[in-house]
Protein chains: 2
Amino acid sequence: MDDGEAVASAAADYQPLYAQVKNRLVQRIGSGAWKPGEMLPNEFQLAAEYKVSQGTVRKALLSLEADRLIVRRQGRGTYVARHTRDNSLFHFFRMVGLDDARLRPASVVLTQRSQRAAKLPAQLLSIAPGAALHAITRLRYFAGRPAIFERIFVPSELMPGLAVQPGVAMEEEMYVIYQERYGISIARASERLAAVAATAEEARHLDLAAAAPLLEITRVARDVNGRAVELRLSRCDTAQARYAAEVY
Amino acid sequence: MDDGEAVASAAADYQPLYAQVKNRLVQRIGSGAWKPGEMLPNEFQLAAEYKVSQGTVRKALLSLEADRLIVRRQGRGTYVARHTRDNSLFHFFRMVGLDDARLRPASVVLTQRSQRAAKLPAQLLSIAPGAALHAITRLRYFAGRPAIFERIFVPSELMPGLAVQPGVAMEEEMYVIYQERYGISIARASERLAAVAATAEEARHLDLAAAAPLLEITRVARDVNGRAVELRLSRCDTAQARYAAEVY
DNA sequence: GAGTGGTCTAGACCACGGT
DNA sequence: CCGTGGTCTAGACCACTCG
């Protein structure tokens, strides 16, 4: 072949057309060209714009839907996904009651302050040690009983001026706040679970005996581009609720 | 419309063609028409057989691949999925080292006996209380150190004569045994996690202080038809390893 | 009824794996 | 080289939503 070399060099970073279309759509959504809740052009319009067939656009859109960046409804259209209190909570909150019933925890902020990142949080958030962090502690309740003591760390650079009101029940999920105030959508999270003994402070907040066993969840949440946005350390009393996971 | 009623009654259990094809393929795989590791006919042959287009068969096969019932390889063909020690372990075993490294636990059976199902195991396995169960206890090690104390329950009816050798390191994963000896493939599992205090027996086996915090994993494993096949209660020392989950 | 996404078809060509 | 799955196209028709 005459063009063997051109083909070979092109093959290195080859992506199928639908993947290229998907990437361009991710870019546009990520850059805010369409805002959460807005409708995208239909499949034929996008196909015309990108000079591909409708079937190729379709494949890209189905993949975006699988990634939860968009929502598609037959007869309605395709929309940029939006975090709401209802669905945001249940994509990421995996605690269920002992009878497997879904739980809706109430949340009360205990403290909020700015601090410098220690080594471990810095590493998990992929930032420099000593970088500025928002640190929030809060308590979450099931049916009025304290159940989860939580520490949340967010790089100040990503969310300058982030503020929540201590002492009152939070109306919104943190992820809704990130999206609405800063345009940052949490797309996925990585969790590590361990069993630990409650510290004196935790036992006091959770109304447990000293050194009671707690389920510790270390979660790193990332946006659609894979950037670490939040580190959350949750310590859960599993007398009232358990962590649920489905494995395939 | 004249045929409004016919359409309406048909609509109740309407399934797209590709879903019907998928179901028929699940039936055939589940019934053992093709054994694990065997190659399926290619897309065009299946399309001819079911009198649909190749694209429709393709959609059914992609869905089966997503469900891990089959494995597809470009240039090779489509094969019925097979549990092997390597991949069986890592679909369902979610413990990772503190550095997120994959761990390969060694397993030693402590006891094996037959017993009648108590109320809770019976409920979780969807069998009658008092039905016969195989009960196996075993200890799993990371790097030679005991880390997980495990109780496994399997309905005797599903696996008559199930036997494993106590006291020596197990060569095979339980799920490989289920598939190879009884033709039962574990397709998915549901897990519930809690933090508990070690019992005296567990602390002794795991070489821990009395009442040390352990991560308890209650897993119900199901075959491709959704039938509960195994109940497993694992109690893990999370000083050496943590449970990893990715949330989307 | 107009517009959207969902299904289905038919056929072309490409990339990969083994002979 | 042949057979496999993977991509891409073009077009038809269906099902759903809403004004």
Side-chain angles (χ1 to χ4, degrees), chain A residues 1-25 34 37-66 68-81, chain B residues 1 3-25 34 37-81:
Chain A
M1 301 284 240
D2 289 343
D3 53 355
E5 193 150 347
V7 169
S9 65
D13 48 340
Y14 166 77
Q15 275 195 316
L17 249 193
Y18 70 83
Q20 298 175 35
V21 171
K22 179 184 174 183
N23 285 339
R24 295 178 65 173
L25 289 169
W34 301 296
E38 268 185 44
M39 191 169 89
L40 271 58
N42 72 33
E43 298 179 349
F44 285 97
Q45 290 168 328
L46 289 172
E49 182 175 348
Y50 290 131
K51 305 265 178 45
V52 298
S53 78
Q54 172 261 358
T56 299
V57 168
R58 184 177 190 75
K59 251 192 119 167
L61 291 175
L62 287 173
S63 174
L64 286 173
E65 185 182 35
R68 285 194 231 258
L69 261 71
I70 60 174
V71 176
R72 288 158 67 77
R73 287 287 167 265
Q74 182 174 159
R76 299 267 311 267
T78 298
Y79 299 81
V80 179
Chain B
M1 300 287 229
D3 54 353
E5 194 151 343
V7 169
S9 66
D13 48 340
Y14 166 77
Q15 276 194 317
L17 249 192
Y18 70 83
Q20 297 174 36
V21 171
K22 179 185 174 183
N23 286 339
R24 295 178 65 173
L25 288 169
W34 299 297
E38 268 185 43
M39 191 171 87
L40 271 60
N42 72 32
E43 298 180 350
F44 285 97
Q45 291 168 327
L46 289 172
E49 181 175 349
Y50 290 131
K51 304 263 179 49
V52 299
S53 78
Q54 172 261 357
T56 299
V57 168
R58 184 178 190 74
K59 253 192 117 168
L61 291 175
L62 287 174
S63 174
L64 286 173
E65 184 182 34
D67 292 350
R68 285 195 231 258
L69 260 71
I70 60 173
V71 176
R72 287 157 69 76
R73 287 287 168 266
Q74 183 174 158
R76 299 269 310 270
T78 298
Y79 300 81
V80 178

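Throughout, protein chains are lettered first and strands after them, A, B, ... in sequence-line order, and every chain is numbered starting at 1. Just so it is clear, the structure is predicted and the values come from calculations on it, not from any experiment. Only heavy atoms go into these numbers, but all of them, side chains included; no hydrogens, no water, no symmetry mates.
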Point to revise | Separation of B:Ile70 CD1 from B:Tyr79 OH (nearest 0.5 Å) | key: 12.0 Å
Practice item. Enter the distance from A:Lys59:NZ to A:Leu61:CG here, rounded to the nearest 0.5 Å. Key: 13.0 Å
What is the distance, to the nearest angstrom, from the [atom1] atom on [X] to the [atom2] atom on [N]?
X	N	atom1	atom2	value
A:Asn42	C:dA2	CG	P	16 Å
B:Glu65	D:dG5	CD	C1'	10 Å
B:Tyr50	C:dC8	OH	C1'	18 Å
A:Leu46	C:dG3	CG	C1'	15 Å
A:Gln54	D:dC14	CD	C1'	14 Å
A:Leu62	D:dT7	CG	P	13 Å
A:Leu61	C:dG6	CG	P	9 Å
B:Met39	C:dG18	CE	P	12 Å

Ignoring backbone atoms, test whether [X] places a side-chain nitrogen or oxygen under 4.0 Å from the OP1 or OP2 oxygen of [N].
X	N	answer
B:Tyr18	C:dT7	yes
B:Arg76	D:dG3	no
A:Thr56	D:dT9	yes
A:Arg72	C:dG6	yes
B:Lys59	C:dT7	yes
A:Tyr14	C:dA15	no

**Study point:** Proximity to the side chain of A:Thr78 - top-ranked nucleotide from D:dG5, C:dG5, C:dC8
**Key:** C:dG5
Point to revise | B:Gln74 side chain, from C-beta outward: closest of C:dG17, C:dC16, C:dT9 | key: C:dC16
Practice item. Give a yes-or-no answer on whether the side chains of A:Gln20 and A:Gln15 include a donor-acceptor pair shorter than 3.5 Å. Key: no
Exercise for review: Indicate the atoms forming the closest heavy-atom contact of A:Met39 with A:Gly77, along with that distance.
Suggested key: SD-CA, 4.1 Å
Review point. Closest approach of A:Leu62 and A:Arg72, non-hydrogen atoms and distance?
Key: CD2-NE, 4.1 Å
Exercise for review: Mind checking B:Arg58 for me? I need base, sugar-phosphate or nothing, with any heavy atom below 4.0 Å counting as a touch.
Suggested key: base
**Study point:** 5' precedence on DNA chain D between A:Phe44 and A:Pro16 (nearest-nucleotide basis)
**Key:** A:Pro16
